[in-house]
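Below, read A as the first sequence line, B as the second, and so on, with proteins coming before strands; counting in each chain starts at 1. Since the model is a prediction, treat every value here as computed from it, not as a measurement.
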Protein chains: 2
Amino acid sequence: MNDKERRSMPLFSIGTVMKLTELSARQIRYYEENKLVFPDRTAGNQRLFSFNDVDRLLEIKDLLDKGLNLAGIKLLLEESKGVKEKKVTTKETELTEKELRKILRNELKQPGKLGQSNLRQGELSRFFTNR
Amino acid sequence: MNDKERRSMPLFSIGTVMKLTELSARQIRYYEENKLVFPDRTAGNQRLFSFNDVDRLLEIKDLLDKGLNLAGIKLLLEESKGVKEKKVTTKETELTEKELRKILRNELKQPGKLGQSNLRQGELSRFFTNR
DNA sequence: ATTTATATGTAAGGAAACCTAACATCGTCT
DNA sequence: AGACGATGTTAGGTTTCCTTACATATAAAT
């Protein structure tokens with residue numbers, strides 16, 4: 001079992017994730033609905049989250065606090081996820097990318113804000129795993 | 001949040017622990033009943049296990065495979081838990097300790113056996129935490 | 001060879017946690 | 001005012017978990 005596997009193991013119920021991230025169940029499910037996280041499911045269809053999922057949720061929370069909207073966050077997360085898939089940068093994607101720039105310019109002009117959560121982005125996996 | 005806290009954080013449902021340890025719910029609850037593990041509880045009385053709890057269960061499983069009984073395992077785990085509390089080694093404790101020796105002598109004479117679980121004792125926390 | 005004790009399985013009834021879907025609300029942008 | 005995005009809340013249903021009790025298999029003691 002390597003580290004990658006460990007961090008993507010489905011371990012946590014939504015209740016535990018709520019405490020870990022201080023997000024509501026509604027929020028977590030809404031982010032999933034918008035393709036920002038992809039928790040596993042039990043045989044009975046209940047969500048099971050991994051360390052990676054929790055980290056991702058903390059990141060989402062952080063970016064929301066900074067004024068981004070979910071569409072922008074999704075693009076950011078996809079982008080950072082690797083420069084792969086560089087092939088078909090369709091018009092559609094181009095538009096949304098332009099949108100992102102606009103959003104970043106428009107919304108990120110009020111820097112700082114506050115946005116302090118119980119756990120910070122990346123902290124969970126740093127704490128619990130070996131890299 | 002230090003490492004000790006991390007490892008004792010109540011995180012896992014019994015369902016997750018079952019998969020992690022390959023023990024049945026019955027077994028896990030029975031070990032708790034016999035004071036071998038002490039999982040937390042949610043507000044609604046459902047068990048929540050920490051990394052330490054899971055490690056402990058793996059250790060129990062290992063020792064059971066080696067032929068020890070729960071009483072012996074309990075003594076072993078308490079003993080290794082620190083040489084503190086050395087004060088009142090009551091007659092009662094002495095007897096049970098003598099008992100343990102006997103059990104160890106009697107039952108541990110068939111060494112090896114097999115006892116290979118999915119995860120080995122201590123492995124979980126080694127994998128998931130930084131020490 | 002019974003009896004006794006230990007460890008585990010299984011079933012029943014109930015409670016907690018979770019699920020989806022729908023509607024409500026609140027703030028921001030147009 | 002209206003539309004949209006993000007979240008709250010509620011309802012009805014399902015899954016998971018709880019305790020308790022009884023059954024069983026193996027090993028130990030009588």
Side-chain angles (χ1 to χ4, degrees), chain A residues 10-37 39-49 57 60-75 96 99-100 102-103 105-110 113 115, chain B residues 10-37 39-49 53 57 60-75 96 99-100 102-110 113 115:
Chain A
L11 296 173
F12 309 115
S13 70
I14 200 171
T16 294
V17 174
M18 287 172 64
K19 286 176 202 145
L20 250 24
T21 61
E22 291 181 319
L23 293 167
S24 69
R26 182 66 166 96
Q27 289 176 298
I28 296 169
R29 295 191 188 115
Y30 186 65
Y31 304 156
E32 181 189 21
E33 198 179 320
N34 284 270
K35 312 280 172 60
L36 291 174
V37 275
D40 240 292
R41 298 281 181 143
T42 67
N45 199 38
Q46 304 203 172
R47 271 165 268 252
L48 278 186
F49 298 80
L57 286 170
I60 292 167
K61 186 180 184 183
D62 194 42
L63 292 172
L64 276 173
D65 277 347
K66 290 186 174 137
L68 289 218
N69 62 15
L70 290 194
I73 293 172
K74 186 177 178 189
L75 283 180
T96 44
E99 257 272 275
L100 176 58
K102 174 182 154 222
I103 289 163
R105 246 174 290 114
N106 283 354
E107 307 203 41
L108 257 180
K109 280 319 168 196
Q110 352 86 308
K113 277 213 168 181
Chain B
L11 294 174
F12 309 114
S13 70
I14 200 172
T16 294
V17 174
M18 287 172 64
K19 286 176 202 146
L20 250 23
T21 62
E22 291 181 319
L23 292 168
S24 70
R26 181 67 167 95
Q27 287 175 300
I28 295 169
R29 295 191 188 116
Y30 186 65
Y31 305 156
E32 180 188 23
E33 197 180 323
N34 283 271
K35 312 279 172 59
L36 292 174
V37 276
D40 239 292
R41 298 282 180 142
T42 67
N45 200 38
Q46 305 204 171
R47 270 164 269 251
L48 277 187
F49 298 82
D53 291 327
L57 287 170
I60 293 167
K61 187 180 184 183
D62 193 43
L63 292 171
L64 277 173
D65 278 345
K66 289 184 174 138
L68 288 219
N69 63 15
L70 291 193
I73 293 172
K74 185 177 179 188
L75 284 180
T96 44
E99 257 272 275
L100 175 59
K102 175 183 153 223
I103 290 164
L104 285 174
R105 247 174 289 114
N106 283 355
E107 306 202 41
L108 258 180
K109 280 320 169 195
Q110 352 86 304
K113 277 213 169 179

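- In this model, the phosphate group of dA17(C) is not approached by any side-chain N or O of S13(A) to a distance below 4.0 Å at OP1 or OP2.
- Using a 4.5 Å heavy-atom cutoff, the side chains of L20(A) and F49(A) are not in contact.
- Atom-to-atom, CD1 of I28(B) to C1' of dC17(D) comes out at 12 Å; the value is rounded to the nearest Å.
- A sub-4.0 Å separation between OP1 or OP2 of dC18(D) and a side-chain N or O of R47(B) is present.
- The separation between L23(B) atom CG and dA7(C) atom C1' is 12 Å, rounded to whole Å.
- In this structure, L48(B) and K19(A) approach most closely via the heavy-atom pair CD1-NZ, 4.0 Å.
- For K74(B) and dA7(C), the NZ to P distance is 12 Å, given to the nearest whole Å.
- Remark: side-chain polar atoms of T21(B) are not paired, donor with acceptor, to backbone N or O of L57(B) under 3.5 angstrom.
- The CZ atom of R29(A) sits 7 Å away from the P atom of dT20(C) (whole-angstrom rounding).
- For the pair N45(A) CG and dC18(C) P, the computed distance is 13 Å after rounding to whole Å.
- You'll find that the side chain of Q46(B) is closest to dA17(C), out of dT8(C), dC23(C), dA17(C).
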| Where do Y31(A) and L64(A) land on the side-chain contact (heavy atoms from CB on, under 4.5 Å) test, with the steps shown first? | CA-CA 11 Å; Y31(A) 304 156; L64(A) 276 173; 3.0 Å; yes

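- Positionally, the nearest nucleotide of DNA chain D for L70(A) lies more toward the 5' end than for the other of A43(A) and L70(A).
- Rounded to whole Å, the distance from CG on N34(B) to P on dA5(C) is 15 Å.
- Between L48(B) and R26(B), the residue anchored closer to the 5' end of DNA chain D is L48(B), taking for each the nucleotide with the nearest heavy atom.
- Between the C1' atom of dT16(D) and the CD1 atom of I14(A) lies a distance of 15 Å, rounded to the nearest Å.
- Note: CZ (R41(B)) to C1' (dA16(C)) measures 12 Å, nearest angstrom.
- Regarding contacts with the backbone of dT7(D), every side-chain N or O of Y30(A) stays at 4.0 angstrom or more from both OP1 and OP2.
- Contact annotation: the side chain of Q46(B) never approaches that of R41(B) to less than 4.5 Å [non-hydrogen atoms, C-beta and beyond].
- For dT16(D), the OP1/OP2 oxygens have a side-chain nitrogen or oxygen of T42(A) closer than 4.0 Å.
- Taking only side-chain atoms of Q27(A), from C-beta outward, the nucleotide of dG8(D), dT19(D), dC19(C) with the closest atom is dG8(D).
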